[in-house]
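Worksheet: one structure, shown below.
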Number of protein chains: 2
Amino acid sequence: MSKIFASKNGTKKDVIIKKAASLFRKKGFIGTSMRELAENIGVEASSLYNHIGSKSEILQHICFKVANDFMLQLNETEKSETTTINKLEKLISFHIHMMMDVYDEVYVANHEWKQLEEPFLSNFSNQRKLYESRMIELIKKGIQKKEIKNIHPQVAVFTILSAVRGLELWQGHKKIVSIKEIETNMINHLLNGIAK
Amino acid sequence: MSKIFASKNGTKKDVIIKKAASLFRKKGFIGTSMRELAENIGVEASSLYNHIGSKSEILQHICFKVANDFMLQLNETEKSETTTINKLEKLISFHIHMMMDVYDEVYVANHEWKQLEEPFLSNFSNQRKLYESRMIELIKKGIQKKEIKNIHPQVAVFTILSAVRGLELWQGHKKIVSIKEIETNMINHLLNGIAK
DNA sequence: TGCAAAAACTAATAAGTGTTAGTTTTGTAA
DNA sequence: TTACAAAACTAACACTTATTAGTTTTTGCA
């Protein structure tokens, strides 16, 4: 059944999660009811449970998909043989494109992950901390190699991550300023401030 | 009644709003029930309505108090006769201290303002936009005076605002890294990247 | 065409929501 | 001590919540 449907948009589960991401972003996880989600899909609330286990499971899917994407990119960047500044540039660029391409999902992962239930809450929180500490290590190496000024690595990482996270504020301004322009300006701003 | 109480912590309304800010930050505006808030204060939910008009009114108080504080500081900074870089430094410093001193309130204003009802929602949204555009003007003048590189002012403002907003991530790390250290590092990072 | 499975439906559950009405307790000042 | 007002209480309202059970419809394949 519905194979054509599936080949276009993925399984119905995928459709539900996609729509949920959009609603969770706009109204929050708690602020979005299963009835509202169902109505947006064109189905009764109870029918959703033929495809998903619970409301919380939807949030898990969204958050861990995003976390996984960022982790994979970090793995790849760490492996690549290039300068530290170049690695940071790659990471920042990836953040920017994720924020633009899968805005709803990234936003929800950033804002609603605290609504996850255990053990997912701890798991997600640990992944975030791990991501941060690996970026800190990256900067430390850059300082050792004298590519980067003698700054406080942790503060630098938080500043960079916060700045790119704030790209969510750009939603609605995308027509006025091109993504490319945002990208080059932000990378310059954030890396000129620390590069030697 | 309770005049001693009042002189210490302000009116009972103030106590309610303070506790609400703490809960709203941890569990979100919708995620916090009036019963839960009441229990945290040591009272029945209905008793809260002797001091506040509605749940929504609490959120209004929090959001507009914060917005007002930032606006006042911006007014003062604009008036002060100093370099543009110095003005930006002042503003960034103010953001950092607000985030550290009234963390709950600033966090709630940043994350939960979308739950405001009209006309407060529009009012708040307009204040944010006004704040941004006045910072953009500041940077434009800095470029004219050749104090600042020829960057995209809007991107720079968003980058700075996002970075300082991200200071909320520092909650819990405050003991490890001193505020002063965070402050000087962030200001250098954010201003070295754009100063000529 | 008939069968089995997938996915929709209706109806109900138990719990929780903000808020109000009406009443009782508490604290202050005369 | 009495009177008044502030602020607490109990109980209830009318809804909304996520989720389940049981049933019917729809679908794809043999």
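Naming: A, B, ... by sequence-line order, numbering from 1 per chain.
Atom NZ in A:Lys27 sits roughly 13 Å away from atom C1' in D:dT16 (whole-Å rounding). In this structure, the CG atom of B:Asn50 is 16 Å from the P atom of C:dT25, given to the nearest Å. For the pair A:Ile30 CD1 and D:dA18 P, the interatomic distance rounds to 10 Å; values are reported in whole Å. The CG atom of A:Leu37 sits 16 Å away from the C1' atom of D:dT16 (whole-angstrom rounding). The interatomic distance linking B:Lys55 (NZ) with C:dG18 (C1') rounds to 8 Å, in whole Å. Atom C1' of nucleotide D:dA18 and atom CD of A:Glu36 are separated by 14 Å, given to the nearest angstrom. Between the P atom of C:dT19 and the CD atom of B:Glu44 lies a distance of 16 Å, rounded to the nearest Å. One interatomic measurement links the two molecules: CD of A:Glu39 to C1' of C:dA8, which rounds to 16 Å at whole-angstrom precision.
Among C:dC9, D:dA8, D:dA18, the nucleotide with an atom closest to any side-chain atom of A:Ser33 is D:dA18. Minimum atom distance to the side chain of B:Arg35 is reached by C:dT17, of the listed D:dA11, C:dT17, C:dA7. In the set C:dA7, C:dG18, C:dC9, C:dC9 carries the atom at the smallest distance from any side-chain atom of A:Ser46. The nucleotide whose nearest atom lies closest to any side-chain atom of A:Lys12 is, among C:dT20, D:dA8, C:dA8, C:dA8. Considering only side-chain atoms of B:Met34, the nucleotide from D:dA8, C:dA7, C:dT19 that sits closest is C:dT19. Distance from the side chain of B:Tyr49 is smallest for C:dT20 among the nucleotides C:dT20, C:dA7, D:dA18.
Using a 4.0 Å heavy-atom criterion, one finds that B:Ser56 contacts no nucleic acid atom at all. Heavy atoms of A:Ser54 sit under 4.0 angstrom from primed sugar atoms or phosphate atoms, though from no base atom.
For A:Lys27 and A:Glu36, the salt-bridge test passes: some basic side-chain N is under 4.0 Å from an acidic carboxylate O.
Side-chain nitrogen and oxygen atoms of A:Ser47 include none within less than 4.0 Å of the OP1 or OP2 phosphate oxygen of C:dA7. Look at A:His51 and you'll find a side-chain N or O under 4.0 angstrom from OP1 or OP2 of C:dA8.
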Q: Go through the steps for B:Glu112 and B:Lys26 under the test salt bridge (Lys or Arg N to Asp or Glu O under 4.0 Å), then give the verdict.
A: CA-CA 11 Å; B:Glu112 303 292 334; B:Lys26 285 181 224 150; over 6 Å; no
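Judged by distance alone, the side chains of B:Ser133 and B:Glu137 never bring a donor and an acceptor atom under 3.5 Å apart.
Ring to ring, A:Phe24 and A:His111 are not that close: their centroids are 6.0 angstrom or more apart.
Atom CD of A:Glu181 sits in a crowded spot, with more than 12 heavy atoms from other residues, nucleotides or ligands closer than 6.0 Å.
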